[in-house]
Amino acid sequence: MATTNSPTTTGPLAQPGRLPQPSAFLDVRDLRVHFPTDDGVVKAVDGVSFTLERGRTLGIVGESGSGKSVTSLGILGLHRRGHTRISGEVWLDGEELVSAPPERVRRLRGRKMAMIFQDPLTAMHPYFTVGAQIVEAYRVHHRVSRAVARRRAVDLLGRVGIPQPARRVDDHPHQFSGGMRQRAMIAMALANDPDLLIADEPTTALDVTVQAQILDLIRDLQDEYRSAVLIITHDLGVVAELADDILVMYAGRCVEEGSAQTLFRRPEHPYTWGLLGSMPRVDRAARDRLVPIKGSPPSLINLPTGCAFHPRCPHQGRDGIPCRTEVPDLAQGSDHGVACHLPPTERRRTFAEDIAPAL
Amino acid sequence: MSTHTSPDRTTARPGTDELLRVTGLEKHFPITRGAFIRRTVGAVRAVDGVDLTVATGETLGLVGESGCGKSTTGRLISRLLRPTGGSIVFDGRDITDLSVRRMRPLRREIQMIFQDPYSSLNPRHTVGTIVGAPLRVQDIPTPHGVKRAVQELLELVGLSPEHYNRYPHEFSGGQRQRIGIARALALRPKLIVADEPVSALDVSIQAQVVNLLDDLQRELGLTYVFIAHDLSVVKHICDRVAVMYLGKVVEVAPRDALYATPLHPYTLALLSAVPVPDPDRRDRAQRERILLTGDVPSPVDPPSGCRFRTRCWKARERCERETPALRELAGGHLVACHFPVEDAERTPRGRIAAHLAAADVAPATTTPA
Ligand SMILES: Nc1ncnc2c1ncn2[C@@H]1O[C@H](COP(=O)(O)OP(=O)(O)OP(=O)(O)O)[C@@H](O)[C@H]1O
Ligand SMILES: Nc1ncnc2c1ncn2[C@@H]1O[C@H](COP(=O)(O)OP(=O)(O)OP(=O)(O)O)[C@@H](O)[C@H]1O
Ligand code: SF4
Ligand code: SF4
Ligand SMILES: [Mg+2]
Ligand SMILES: [Mg+2]
């Protein structure tokens with residue numbers, strides 16, 4: 001099924017690990033993050049694999065609770081080890097992080113990889129000035145004087161579009177508007193020129209006009225620094241704007257992956273169809289009705305058997321496929337992975353004939 | 001260009017049944033200083049001269065950036081807040097200054113649905129108590145008992161009658177929002193003011209609730225004021241849309257007219273900023289996107305004349321001097337701007353020019369509120 005009308009995708013998106021020597025800049029292999037709780041084990045992430053190159057953007061989409069943030073925190077090594085069972089491999093520029101000592105991962109954080117969160121106030125301290133916090137972030141990894149670090153802070157604030165950075169550098173976070181705080185946090189994340197930037201819902205709390213500014217900024221910075229960007233969002237519009245490749249998560253697993261064009265033009269997983277059908281679109285004539293996904297997301301403690309999506313899937317059991325009993329693999333073609341028991345020809349026919357006309 | 005998909009989604013035609021008329025509506029929140037002797041040192045002009053009409057059976061969308069006064073307008077219309085100026089006429093009655101007591105019978109007719117399905121439901125009460133409360137408080141006669149009435153309401157919003165004895169925490173976000181809707185419907189209101197009713201929900205659940213609101217409107221002849229910041233949802237659900245900026249309505253139009261031919265520069269910028277869920281069109285969308293510089297000014301001290309002038313790429317001297325009035329430029333299409341957007345500015349070339357011009361506006365350097 002090697003359909004290659006997306007010139008931007010080269011080679012497989014993910015190769016579940018056998019080769020010890022990864023070629024990709026970021027190579028996540030069979031990542032699992034489980035939380036033992038009183039009610040049982042929460043399998044928040046249960047076997048996710050993908051690769052990401054420098055200069056490219058991968059978008060992770062999925063509903064609330066599907067494991068997007070837990071995946072990114074797993075890459076950054078931010079889960080509390082005592083309370084979390086993590087397995088799998090995370091290779092960053094040839095170095096494996098899951099088995100690396102915490103101290104080593106901590107040193108990489110902020111320098112080689114950095115994160116932008118949804119809520120800047122959780123990442124910034126209210127009592128220190130914006131400048132002091134950027135200076136601090138920079139000096140952790142660079143042995144320079146405060147004066148030099150401060151010049152760097154002013155420079156970064158200007159770079160992310162804060163007007164009069166030399167003056168605003170001494171403001172406290174609460175003196176900034178929401179959009180400016182988001183910019184300041186991006187400045188802080190960029191302090192050490194990270195090669196990997198993880199943005200978890202970077203614009204969800206922002207107005208659409210501010211969101212457009214921030215997405216524009218992320219795009220510019222990526223062009224300039226050629227960093228690898230992982231953007232996590234539930235907003236399909238935002239991924240379509242930013243991502244080269246997209247990974248769709250459902251209940252802790254990847255159900256579909258491919259280039260952005262592939263996922264929007266020829267999606268093959270019934271859950272992806274559901275997401276697209278649910279979404280009202282500003283760029284189309286208004287439809288009479290949306291096509292929602294029925295039911296609600298499953299419990300991650302007692303996952304449905306077989307395909308976790310089967311209780312909500314309109315195609316479940318069609319032509320005798322084993323949806324209730326067998327977990328579908330993420331069948332990987334050269335550029336499009338789909339975890340569904342429906343035969344590929346059947347999926348494409350269904351999308352073309354039944355789904356696409358109603359979108 | 002979009003076309004009408006159903007005949008009832010057209011303009012609130014003049015002469016159709018007007019359910020609500022809001023004129024010059026104002027809400028100024030005083031800012032006070034001093035611990036012992038409190039003095040008023042200024043006011044947040046949250047709503048500052050809003051004019052709106054809503055016809056029976058239609059859905060009016062209210063959009064605009066955070067802090068522009070949407071929720072305050074909604075709370076004034078529902079009379080959860082008392083206006084500091086202007087008037088509200090509901091179903092032919094002036095309700096602007098009605099006391100709490102005189103307002104009570106009208107409470108039945110205007111209900112509100114809130115954004116947060118988590119905090120707006122009391123966690124210690126069962127679904128039955130929550131949905132039945134308005135019936136009990138208002139002493140509504142229920143021929144088959146309150147329980148039956150509540151169970152019918154639960155079915156109406158797609159929940160099961162067995163949910164009667166359950167607690168809110170046992171429900172998902174979408175289900176909780178249905179509970180909030182059932183509670184709002186208990187008194188058979190004429191008007192529902194829905195403040196961001198789907199913003200906190202996941203896209204798949206959001207679609208369920210949007211369809212539910214649509215069905216209920218059709219079945220019960222409801223009228224909605226739908227407050228939202230998501231312009232795609234508003235396009236889907238509203239017949240007409242009012243755009244607010246800094247406490248004022250800057251544009252009102254039938255849905256399709258607003259999205260296809262926005263007349264206010266702010267509306268043009270707002271629509272261009274919506275992410276396009278189509279990777280093949282993103283380059284074009286980015287070239288034509290109007291990125292506003294700077295932040296929304298403070299409602300404590302709004303700019304003179306046109307409030308958008310500090311971010312408007314079309315601003316001229318007159319905009320600073322003279323406040324533009326909301327006037328009708330085409331059938332049912334009202335705009336408050338001295339130099340409304342022209343057709344040429346909506347062509348690809350015009351949009352690229354606007355993109356460049358907007359980037360050149362020097363950002364205002366005042367600290368936002
Ligand atoms: N420390 C923890 N202990 C137990 N469960 C957890 C923990 N952290 C996350 N979870 C659970 O793991 C699941 C995945 O959470 P995650 O935050 O990754 O979701 P998400 O996809 O980012 O959702 P959202 O869109 O709401 O941010 C959720 O069900 C969450 O409740
Ligand atoms: N009780 C109050 N006292 C003082 N100021 C208030 C009060 N309520 C609202 N405001 C201010 O009035 C302005 C309008 O607020 P409002 O909540 O109506 O905005 P909104 O358009 O609903 O914004 P959002 O999209 O963030 O919900 C804001 O500047 C807000 O800070
Ligand atoms: S495997 Fe079966 S239940 Fe799962 S998505 Fe495919 S058709 Fe639906
Ligand atoms: S009145 Fe002037 S400043 Fe205001 S929107 Fe129109 S052109 Fe811009
Ligand atoms: Mg998350
Ligand atoms: Mg509000």
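Scope of the values below: all heavy atoms of this structure, side chains included, with no hydrogens, waters or symmetry mates. Owing to the predicted nature of the structure, the values given are computational and were not obtained by experimental measurement. We name chains A, B, ... by the order of the sequence lines, and we start the count at 1 in each one.
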Answer key: most heavy-atom pairs under 4.5 Å with chain B among A/Gly295, A/Pro297, A/Gly179 is A/Gly295

Which atom pairs, donor and acceptor, lie under 3.5 Å between side-chain atoms of residues 58-69 of chain A and protein residues at least two apart or in another chain?
{"residue": "A/Glu63", "atom": "OE1", "partner": "A/Tyr271", "partner atom": "OH", "Å": "2.9"}
{"residue": "A/Glu63", "atom": "OE1", "partner": "A/Arg312", "partner atom": "NH1", "Å": "3.3"}
{"residue": "A/Glu63", "atom": "OE2", "partner": "B/Ser204", "partner atom": "OG", "Å": "2.5"}
{"residue": "A/Ser66", "atom": "OG", "partner": "A/Glu63", "partner atom": "O", "Å": "2.7"}
{"residue": "A/Lys68", "atom": "NZ", "partner": "A/Gly62", "partner atom": "O", "Å": "2.9"}
{"residue": "A/Lys68", "atom": "NZ", "partner": "A/Glu63", "partner atom": "O", "Å": "3.0"}
{"residue": "A/Ser69", "atom": "OG", "partner": "A/Asp200", "partner atom": "OD2", "Å": "2.7"}

Ranking B/Ala207, B/Ser272, B/Pro277, B/Pro275 by heavy-atom pairs under 4.5 Å to chain A gives rank one to B/Pro277

Taken in chain and number order and not counting sequence neighbours, the residues that satisfy salt bridge (Lys or Arg N to Asp or Glu O under 4.0 Å) with B/Arg311 are B/Glu65

Query raised in the report: Run the side-chain hydrogen bond (donor to acceptor under 3.5 Å, both in side chains) check on B/Glu155 and B/Ser160 step by step: do they pass?
Result: CA-CA 6 Å; B/Glu155 282 192 292; B/Ser160 133; over 6 Å; no

Problem - Check: B/Phe308 and B/Pro303 side chains under 4.5 Å, non-hydrogen atoms - result: no

Counting heavy-atom pairs under 4.5 Å with chain A, the top scorer among B/Val234, B/Asp215, B/Val210, B/Val209 is B/Asp215

Answer key: most heavy-atom pairs under 4.5 Å with chain A among B/Ala273, B/Pro279, B/Gly64 is B/Pro279

With chain B, the option among A/Arg289, A/His234, A/Gln213 that has the most non-hydrogen atom pairs under 4.5 Å is A/Arg289

Most contact-rich option vs chain B, by heavy-atom pairs under 4.5 angstrom, among A/Val208, A/Leu290, A/Leu236, A/Asp216, is A/Leu290

When the 4.5 angstrom heavy-atom criterion is applied to A/Leu263 and chain B, the contacting part is neither

Ranked by heavy-atom pairs below 4.5 Å to chain A, first place among B/Leu270, B/Leu291, B/Val203, B/Asn211 goes to B/Asn211

side-chain contact (heavy atoms from CB on, under 4.5 Å) with A/Ile162: of A/Val130, A/Leu156, A/Leu157, only one passes, and it is A/Leu157

For B/Trp313 together with B/His355, are the ring centres under 6.0 Å from each other? no

Comparing A/Gln211, A/Arg265, A/Lys294 against chain B, the one with the most heavy-atom pairs below 4.5 Å turns out to be A/Arg265

**Prompt:** Is the A/Tyr250-A/His269 ring centre distance short of 6.0 angstrom?
**Reply:** no

Turns out that what part of B/Val274 lies under 4.5 Å from chain A's heavy atoms comes down to both

